[in-house]
> 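What follows is a single structure, and I will ask about it in a moment.
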Amino acid sequence: MDEKNRLKKNEDFKKVYKYGKSYYNRNLVMYIKKNGLDYTRVGFTVTKKIGNSVVRNKIRRRIKEIVRQNFISVKEGYDIILVPKKNVVDINFQELESAVFHIFKLAHVFKNQGENNG
RNA sequence: UGAGUAAGUCGGAUGAUCGCAUGUUCAUUUGAGCAUGAGGAAAGUCCGUGCUCCAUAGGGCAGGAUGCUGGAUAACGUCCAGUGGGGGCGACCCUAAGGCUAGUGCAACAGAAAUAUACCGCCUAACUCGUGUUAGGUAAGGGUGGAAAGGUGAGGUAAGAGCUCACCAGCAACUAGGCGACUAGUUGGCUCUGUAAACCCCAUCUGGAGCAAGACCAAGUAGGGACAUAAAAAGGUGGUUGCCCGCUGCCGUCCCAAUGGUAGGUCGCAUGAACCUAUUGGCAACGAUAGGUCAUAGAUAGAUGAUCAUCUAAAACAGAACACGGCUUACAGACUUACUCAUAUC
RNA sequence: CGGGGUGUGGCGCAGUUUGGGAGCGCGCGUGGUUUGGGACCAUGAGGUCGGAGGUUCAAAUCCUCUCACCCCGA
């Protein structure tokens with residue numbers, strides 16, 4: 001997972017929020033959109049409702065680590081934004097990992113799954 | 001041993017695997033090695049500075065801030081040493097603490113009366129058999145209130161009253177000590193309600209905005225920029241934080257595909273009112289001199305995480321965003337030093 | 001990062017400037033009216049004035065600290 005695989009520009013975030021499809025479970029919300037490139041970019045949004053800056057940083061780092069470890073099995077050509085919900089504060093790393101896997105399967109972004117046309 | 005007061009320190013550690021940011025060396029397409037990598041409050045943004053820009057920051061008014069004294073400091077609403085007041089047996093702690101005797105305002109309800117007074121009461125005189133009525137004196141006692149015109153005691157009086165005296169409190173002047181806040185003493189007249197975190201007065205300070213400040217490079221897009229004061233300088237029309245004075249642009253001409261500048265990028269950006277050691281001035285805050293240290297966070301969707309093992313067990317509050325000096329607020333647990341009181345023993 | 005505002009019965013608000021009685025509308029309870037309901041009439045309950053401290057005789061109001069929410073600028 002290189003620097004180019006990070007979603008950074010505010011303009012790109014706005015595009016995904018506006019035109020992308022959304023999936024959710026009890027811990028996460030995911031926005032996804034085809035970007036027309038040959039690689040996938042991932043961004044993270046942790047809102048102020050989650051907690052103070054220490055809590056927000058910890059959650060963002062954990063999600064980033066989960067995505068980094070499993071990035072090799074994600075399909076190319078998508079912009080993805082992950083937004084944690086408030087109950088993420090109370091769950092541990094393994095539960096968060098299974099929540100991320102669950103939402104990736106819902107959106108069909110793993111390489112052994114079918115096409116997502118979002 | 002128990003209870004307490006003050007000051008200060010730490011605030012998870014070590015190892016292994018994967019991964020991040022910056023710097024540097026080697027390779028120079030990918031990459032590899034090494035070093036470093038959040039706090040005591042980084043927080044709140046409550047003050048003060050540095051730094052940057054503003055075409056008016058100049059003068060005056062208004063507004064704002066501070067408010068016992070002396071000192072420290074780049075500066076402060078901070079700190080130190082004192083003074084007065086308050087609390088504690090004590091160690092010690094708290095203190096927006098200038099001026100209502102410059103002026104104005106306000107003081108509900110209760111109460112007779114709220115800055116002036118006579119409801120009950122006390123006393124005297126007249127009238128009445130008498131309960132009492134009328135006129136006058138009084139501020140001791142009662143009741144109301146946060147506050148009723150010094151307090152306590154004695155003398156005095158028809159009853160009373162600083163009316164007189166003693167002590168105490170307060171005020172003014174003088175003398176002595178202290179740089180000063182103030183303290184001590186003497187004398188005097190004889191007493192003055194509270195509120196300035198009410199307007200206000202006095203003393204001191206005060207231009208505004210803020211690193212998303214601002215400087216440089218510069219796609220797209222768009223026409224833009226420079227100079228001058230000639231007939232008149234009067235006038236008109238704009239700008240200049242609330243107002244006035246004052247200051248200033250335009251009411252002309254010329255030039256240019258370059259100029260200005262958005263997205264984006266580079267800088268600002270970390271060597272600083274820095275830290276350590278020694279000597280030295282000062283009660284202290286703090287300073288002076290000499291030597292030494294510095295890659296020791298510097299991002300821009302924003303770097304510290306995940307798993308395992310051991311200690312003892314998972315640890316509190318909490319994450320730099322230009323920097324610094326303070327204040328305030330949050331904080332599991334552990335520890336150090338000095339002092340006070342009580343009890344017991346020697 | 002900077003600037004500004006709000007917090008008062010269950011809900012929406014006034015009162016804060018100039019300190020002394022805590023109020024208004026809707027809603028709620030009870031009674032009346034109606035064959036019954038609505039509307040209407042009468043009456044009643046319900047508030048630590050976001051929290052803590054201070055000034056004052058007295059604080060929703062003045063001052064300081066603090067918490068939550070909302071809006072604006074770049």
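Keep in mind that what you see is a predicted model, and the values were worked out from it rather than measured. Each chain gets a letter, A, B and so on, in the order its sequence line appears, and its residues count up from 1.
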> Within 90° of 0 counts as syn, otherwise anti: where does A257(B) fall?
syn

> Identify whether the glycosidic angle of G10(C) places it syn (within 90° of 0) or anti.
anti

> What's the gap between G220(B) and G264(B) when it is taken at their C1' atoms, as a whole Å value?
11 Å

> Quick check on U304(B): is either OP1 or OP2 less than 4.0 Å from any side-chain nitrogen or oxygen of Arg61(A)?
yes

> Mind telling me whether G302(B) is syn or anti, cutoff 90° either side of 0?
anti

> What is the distance from CZ of Arg56(A) to P of G319(B), rounded to the nearest Å?
8 Å

> Any N/O pairs under 3.5 Å between the protein and nucleotides 313-318 of chain B? List them or say none.
none

> Using purine N1 to pyrimidine N3 plus N6-O4 or O6-N4 for Watson-Crick, or N1-O2 and O6-N3 for G-U wobble, both under 3.5 Å, which nucleotide pairs with A234(B)?
none

> Rounded to whole angstrom, note down the C1' distance from C49(C) over to G19(C).
15 Å

> Above 12 or not: heavy atoms from other molecules or residues under 6.0 Å from NZ of Lys85(A)?
yes

> Hunt down the Watson-Crick or G-U wobble partner of G189(B), both distances under 3.5 Å, from any strand shown, or write none.
none

> Hey, is the side chain of Arg68(A) poking within less than 4.0 Å of OP1 or OP2 on G19(B), counting only N and O atoms?
no

> Only one of Arg62(A), Arg68(A), Arg61(A) clears salt bridge (Lys or Arg N to Asp or Glu O under 4.0 Å) with Glu65(A); which?
Arg68(A)

> With rounding to whole Å, what would you report as the distance between U69(B) and G178(B) at their C1' atoms?
12 Å

> What integer number of Å spans the C1' atoms of U6(C) and A60(C)?
14 Å

> Could you state the atom-to-atom distance from CG of Asn57(A) to C1' of G302(B) in whole Å?
9 Å

> Whole Å only: how far is the CZ atom of Phe93(A) from the P atom of C18(B)?
16 Å

> Distance check, C1' atoms only: G54(C) and C11(C), in whole angstrom units.
35 Å

> Which residue, Gly43(A) or Val55(A), contacts RNA chain B at a nucleotide closer to its 5' end, judged by nearest heavy atom?
Gly43(A)

> Specify the glycosidic conformation (syn or anti) of A38(B), with syn defined as within 90° of 0.
syn

> Could you state the CZ-P distance from Phe44(A) to A303(B), rounded to the nearest angstrom?
11 Å

> In Watson-Crick or G-U wobble terms, both distances under 3.5 Å, what is the partner of C127(B)?
G132(B)

> Would you kindly give the CD-to-C1' distance between Glu65(A) and C18(B), to the nearest whole Å?
7 Å

> Step through the shown structure and confirm whether more than 12 heavy atoms of other residues, nucleotides or ligands are within 6.0 Å of OH on Tyr24(A).
no

> Find the distance between NE2 (His102(A)) and CG (Leu28(A)) and round it off to the nearest 0.5 Å.
10.5 Å

> Taking the side chain as every heavy atom from C-beta outward, state whether Val109(A) and Met30(A) have any pair of such atoms under 4.5 Å apart.
yes

> So, do Lys21(A) and Tyr31(A) sit near enough that their side-chain heavy atoms are less than 4.5 Å apart?
no

> Looking at G180(B), which nucleotide sits across from it as a Watson-Crick or G-U wobble partner, both distances under 3.5 angstrom, or is there none?
none

> By nearest heavy atom, map Arg60(A) and Gln69(A) onto RNA chain B; which one lands nearer the 5' end?
Arg60(A)

> So, is A125(B) syn or anti if syn means the angle is within 90° of 0?
anti

> Partners of Arg41(A) by salt bridge (charged side-chain N to carboxylate O under 4.0 Å, His left out), sequence neighbours excluded?
Asp12(A), Asp79(A)

> Who is the Watson-Crick or G-U wobble partner of A32(B), with both distances under 3.5 Å?
U25(B)

> Whom does A112(B) pair with, Watson-Crick or G-U wobble, provided both distances fall under 3.5 Å?
none

> Which whole number of Å gives the distance between the C1' atom of G15(C) and that of G98(B)?
36 Å

> A38(B) pairs with which nucleotide, Watson-Crick or G-U wobble, both distances below 3.5 Å?
none

> Heavy atoms only: give me the nearest Ile66(A)-Leu96(A) pair and the separation to one decimal.
CD1-CG, 3.8 Å

> Searching all strands shown, indicate the nucleotide that pairs with C327(B) (Watson-Crick or G-U wobble; both distances under 3.5 Å).
G44(B)

> Please state the C1' separation for the pair C68(B) and A203(B) - nearest whole angstrom.
14 Å

> Take the protein atom NZ of Lys64(A) and the nucleotide atom C1' of G305(B), then report the distance between them rounded to whole Å.
9 Å

> Roughly how far apart, to the nearest Å, are G15(B) and C10(B) at atom C1'?
23 Å

> Between atom OH of Tyr23(A) and atom CG of Leu106(A), what is the distance when rounded to the nearest 0.5 Å?
8.0 Å

> Between A306(B) atom P and Ile59(A) atom CD1, what is the distance in whole Å?
11 Å

> What is the distance, to the nearest angstrom, from the CZ atom on Arg62(A) to the C1' atom on G319(B)?
16 Å

> Is a side-chain donor or acceptor of Lys75(A) paired with a backbone partner of His108(A) at a separation under 3.5 angstrom?
yes

